[in-house]
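All remarks here apply to the structure that follows.
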Amino acid sequence: MDESFDAVYARHGRSIHAFLARLTGDSVGAEDLCQETFVRYLQHEEQLSSRNGHVAPWLFRVATNLGLDRLRRLKPCALPEDLAPPASPVRVEDPMVGEQVRRAVACLGPDLRAAFLLRAHHGLTFPQLALVLALSERGAKDRYRRARDELARLLAPWFEDLMP
Amino acid sequence: MSTPPLPCAEARAALADRLDDLLEPAQAERVDAHVAACADCAAGLAARAHAKSALEGAWSVEPPAGDLAERALERFAASRVVSPGRRRLALVLSHLVALAAGVLLALTLIPRGAGGAVVTPALSPRAPQAPAAHGNEAEPASPSSSAAPPAPPYLFAPRRIR
């Protein structure tokens with residue numbers, strides 16, 4: 001079944017934008033990259049419309065490449081000072097958790113950040129992750145594991161219930 | 001032969017990988033069997049699952065302000081239209097290419113003398129017969145062209161490679 005552009009955008013647009021905003025840490029810049037992702041979809045619409053099930057990984061692959069290109073042109077992220085351990089650990093239900101997660105993810109290298117976000121926040125399967133990152137399935141698992149372990153290390157001082 | 005039960009420490013170390021679906025099926029089965037029989041590890045797995053879902057759900061992103069689909073369609077349409085400026089540039093470039101091709105063709109067709117200079121009389125039927133007598137009709141003499149032998153009567157004269 002072919003999907004119209006509007007249907008494809010309605011299904012994936014918000015997710016692609018959220019991914020780019022998380023990856024680049026720039027919600028406004030992510031709008032531009034999201035538009036570019038869908039312009040490229042339009043340029044390849046005919047080929048993609050016959051490949052049901054491959055549209056989401058294809059969009060994430062384009063978005064990942066655009067996002068990583070943008071990040072490579074920026075200065076590498078320095079560890080924010082306020083990610084220093086708190087006086088006392090907080091629980092994951094704390095409202096400030098989202099901000100701490102954002103800061104910790106920003107401290108990951110771009111490749112690890114992309115792998116973590118695609119899997120943890122956007123629910124890609126490992127075969128899809130492998131497709132998006134141009135890795136073997138094992139390589140995709142290894143990269144995700146490294147990202148997760150690095151995040152757990154960064155966030156452990158904050159959350160007493162992260163590592164029971 | 002059945003596999004030995006997983007020790008508690010090993011099962012605990014594998015809980016994060018089990019939650020993230022990173023284990024091979026056989027390994028996952030062993031962890032599941034251990035968790036089913038061990039209250040501590042079952043509690044550990046539940047706590048990890050709770051922390052994981054809370055952390056992953058904690059970072060929300062506001063949806064984009066404008067209609068990105070509409071803007072993407074406009075950008076796509078604009079990318080397919082050749083602007084007048086680009087069309088003019090393409091026209092100028094095509095003329096330049098044609099001119100360059102013409103010059104190259106002319107250089108190939110004009111025969112050259114032994115010194116490498118262009119021997120224009122070769123294209124004139126009268127030139128071989130009386131080069132000296134019609135000095136006023138010939139090209140302005142240059143040291144190399146005046147010393148050159150008469151050009152051969154064929155059009156594609158041998159050229160020296162400089």
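Note on naming: letters A, B, ... go to the chains in the order of the sequence lines (proteins, then strands), and numbering restarts at 1 for each one.
The part of B:Glu62 that comes within reach of chain A is its backbone (N, CA, C, O), which places non-hydrogen atoms under 4.5 angstrom from that chain. No part of B:Leu15 comes within reach of chain A, as not one of its non-hydrogen atoms sits under 4.5 angstrom from that chain. In this structure, chain B has heavy atoms under 4.5 Å from both the backbone and the side chain of A:Asp32. Within the 4.5 angstrom heavy-atom criterion, atoms from both the backbone and the side chain of A:Arg102 approach chain B. Neither the backbone nor the side chain of B:Ala77 comes within less than 4.5 Å of any heavy atom of chain A.
B:Pro63 and A:His17 get closest at one heavy-atom pair: C-CE1, 4.3 Å. Listed here is the closest heavy atom pair of B:Ala72 and A:Gln35: CB-O, 3.8 Å. Taking every heavy atom of both residues into account, B:Ala69 and A:Phe5 meet most closely at O-CE2, 3.7 Å. Across B:Trp59 and A:Val101, no two heavy atoms sit closer than the pair CE3-CG1, 4.2 Å.
Options A:Asp6, A:Val105, A:Val28 differ in how many heavy-atom pairs under 4.5 Å they form with chain B, and the most are formed by A:Val105. Chain B forms more heavy-atom pairs under 4.5 Å with one residue of A:Thr125, A:Val39, A:Leu117 than with any other, namely A:Val39. Ranked by non-hydrogen atom pairs under 4.5 Å with chain B, the options A:Lys141, A:Arg145, A:Arg40, A:Glu99 are led by A:Arg145.
Pairs passing the ring-ring contact (aromatic ring centres under 6.0 Å, His included) check and including a residue from residues 125-147 of chain A, sequence neighbours excluded, read A:Phe126-A:Tyr144.
A distance of 7.5 Å separates CG in A:Asp149 from CG in B:Asp17, rounded to the nearest 0.5 Å. The line from NZ of B:Lys52 to CZ of A:Arg148 is 8.0 Å long, rounded to the nearest 0.5 Å.
In terms of modelled atom types and a separation under 3.5 Å, the side chain of B:Arg71 and the main chain of A:Glu31 share no donor-acceptor contact. Of the possible polar contacts, one joining the A:Arg119 side chain to the B:Asp20 backbone as a donor-acceptor pair under 3.5 Å is found.
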